Protein chains: 2
Amino acid sequence: MSVIRTARERARDEVTAAIKEEARRQLADEGASRLSLRAVARELGMVSSALYRYFPSRDELLTALIVDAYDAVGAAAEEALARSGGTDPVERWSEVCRAVRRWALGHPHEYALIYGSPVPGYSAPLDTIGPASRVGLALIAVAEEADTAGALAVPPPDVPLSEAAHADAWRLSKDLDRNLPPRALPSLVAAWAQLFGLVSFEVFGQFNNVVEARDDFFDHAVTGLAHQAGLRRGRVLHGE
Amino acid sequence: MSVIRTARERARDEVTAAIKEEARRQLADEGASRLSLRAVARELGMVSSALYRYFPSRDELLTALIVDAYDAVGAAAEEALARSGGTDPVERWSEVCRAVRRWALGHPHEYALIYGSPVPGYSAPLDTIGPASRVGLALIAVAEEADTAGALAVPPPDVPLSEAAHADAWRLSKDLDRNLPPRALPSLVAAWAQLFGLVSFEVFGQFNNVVEARDDFFDHAVTGLAHQAGLRRGRVLHGE
DNA sequence: CCATGGCAAGAGCACTGCTCTCGTTCTTGG
DNA sequence: CCAAGAACGAGAGCAGTGCTCTTGCCATGG
């Protein structure tokens, strides 16, 4: 309750951070499956049982790392969004996508932790649903600004959306509370998922012996994604 | 060398198959990280060390399961391809994609094994590169037949392809040895990767609380993918 | 000042992947 | 046909894991 943090609380936070830091180091070195609580404790000069005062189980530690990873990739996307303000919507979309890809290639094991097989249980813990949506929200922000600038085409899809899918989009639009026509959402959500298909295939090695010029290929694919999401070229005025 | 199979060889093949079967059962129950050699051996009534006569390590067992999984999803795609012969290219494309999705939803852990984080080493073993390409080849076959029927548009991409990406497509086209214009390949490869983005997000739970009408959503997204790959509607004559 | 409660340490349990050895059984070349 | 040798199953054992329980220390709050 108090704002004053006792020495004990400060120490606890420091140790918690040190554990996560060391765990992240081992994650980057060996991958999630080889992350060992005992090894983390050993590296930190403590005994393994002491570590259970900070994380009740190995899965809880992993969950904490998952939340951090979602936050990191979300922050990268948001930073790209902010840095690209006032430019062409398609270019902005590409910048956000490039930021996600760059983060993923720089942190492959952390990426695998969140967008690969979910390691701990089978369904994602509740703590992750917030941070997990940050990249999606950044993409939505691009579309939203494009829409107010008249650079968002919401084409009638070639297969008309079913009633159920329509209801989905409407509900999601209400949940999001953004100035975006619900009809724009299905394509946007699809593009969001497809972006991670591109990134995952590259990070997980499916492009080996298939795609060599990966930067160029990604740029090309992501431009296609922007079009599929309804974004069109056109300058967006700064501010409004 | 001999075609005659000794009793020992037959027994060996049977035990090998039984091990893989039991391992696949445990995989479906618990996931790859909880698959235990000892548990497999126990269930089969043998001692754990005996199992090492058949698979030199746990990772080798997993690799065998990976190859089988690639073969299974590839077979599902090829079967959908064969069954949809002579229909509209876009519909055919969708059928192949639907088959992949259906297999993935029916075998989530095996799907995670091949398209989630690569569990064993970090780069895929050599045995997997062949089976891994079967789905991609099925998609290429759809595009190829659409092309000969004049239903494949190879639009100049909005960002012109770089020289390196062009060279990539040319090399890949030569490797594939198909009647497909190299310019069609980048979009096709991108659509291939993006398809697995859609499937992965659904299997791994990223669509929870986002997409509810998943069948309809998938059909919609996959139609967009077909367009992005250059496929256009139009009847394809049977045979030629 | 003293009792409570957070903390590190250690022992220990049940489990894992993997190795090595020891008989046994099947295969095959002379 | 039989002996050499390969393949095989069983068992013990090693080092490692996640996790629990107990013990004792020491800072903190009443």
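Throughout, protein chains are lettered first and strands after them, A, B, ... in sequence-line order, and every chain is numbered starting at 1. Because the structure is predicted, anything quoted here is derived from the model rather than measured. Reckoned from all heavy atoms, side chains included, excluding hydrogens, waters and symmetry mates.
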Hey, is [X] close enough to [Y] for a salt bridge, meaning N to O under 4.0 Å?
X      : Y      : result
B/R98  : B/E95  : yes
B/R24  : B/E21  : no
A/D168 : B/R214 : no

Where protein sits on nucleotides 22-30 of chain D, one letter per nucleotide: B base, S sugar-phosphate only, - none, heavy atoms under 4.0 Å: ------S--

Set of side chain to side chain contact (heavy atoms under 4.5 Å, CB included) partners for B/S49, sequence neighbours left out: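 In terms of side chain to side chain contact (heavy atoms under 4.5 Å, CB included), with neighbours along the sequence ignored, B/S49 is linked to B/V47.
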
Set of salt bridge (Lys or Arg N to Asp or Glu O under 4.0 Å) partners for A/E79, sequence neighbours left out: A/R83

Sequence-distant partners of B/R134, salt bridge (Lys or Arg N to Asp or Glu O under 4.0 Å), two or more places apart: B/D71, B/E78

Residues in contact with DNA chain D, drawn from residues 16-24 of chain B - heavy-atom cutoff 4.0 Å: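 Going residue by residue through residues 16-24 of chain B, none turns out to have a heavy atom under 4.0 Å of DNA chain D.
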
Close residues, residues 41-52 of chain B, relative to DNA chain D [heavy-atom separation under 4.0 Å]: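 Within this stretch, B/M46, B/V47, B/S49, B/A50 sit under 4.0 Å of the strand.
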
Whichever of B/A39 and A/Y54 has its nearest DNA chain C nucleotide further upstream toward 5':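 The residue mapped nearer the 5' terminus is A/Y54.
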
ring-ring contact (aromatic ring centres under 6.0 Å, His included) partner of A/Y115, chosen from A/W103, A/Y70, A/W192, A/F201: A/Y70

Residue-phosphate contact under 4.0 Å: B/R38 side-chain N/O, C/dG17 OP1/OP2: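 No, no such contact exists.
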
Sugar-phosphate, base or nothing in reach of A/F55, heavy atoms under 4.0 Å: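 Touches nothing.
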
Sugar-phosphate only, base, or nothing, as touched by A/L35 at under 4.0 Å among non-hydrogen atoms: sugar-phosphate

Whole-Å distance separating the [atom1] atom of [X] from the [atom2] atom of [N]:
X     : N      : atom1 : atom2 : result
A/R58 : D/dG16 : CZ    : P     : 17 Å
A/L61 : D/dC19 : CG    : C1'   : 14 Å
B/D13 : D/dA7  : CG    : C1'   : 14 Å
B/R10 : D/dC8  : CZ    : C1'   : 18 Å
A/L37 : D/dC19 : CG    : P     : 6 Å
B/E9  : D/dA6  : CD    : P     : 16 Å

Side-chain heavy atoms of A/H220 within contact of B/S187, under 4.5 Å: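 Result yes, sub-4.5 Å side-chain heavy-atom pair found.
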
Heavy-atom side-chain contact between B/F207 and A/V189 under 4.5 Å: yes

Ring centers of B/F196, A/F196 separated by less than 6.0 Å: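 No - the distance between ring centres of B/F196 and A/F196 does not fall below the 6.0 Å cut-off.
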
Donor-acceptor under 3.5 Å (A/S162 side chain, A/A165 main chain):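 Yes.
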
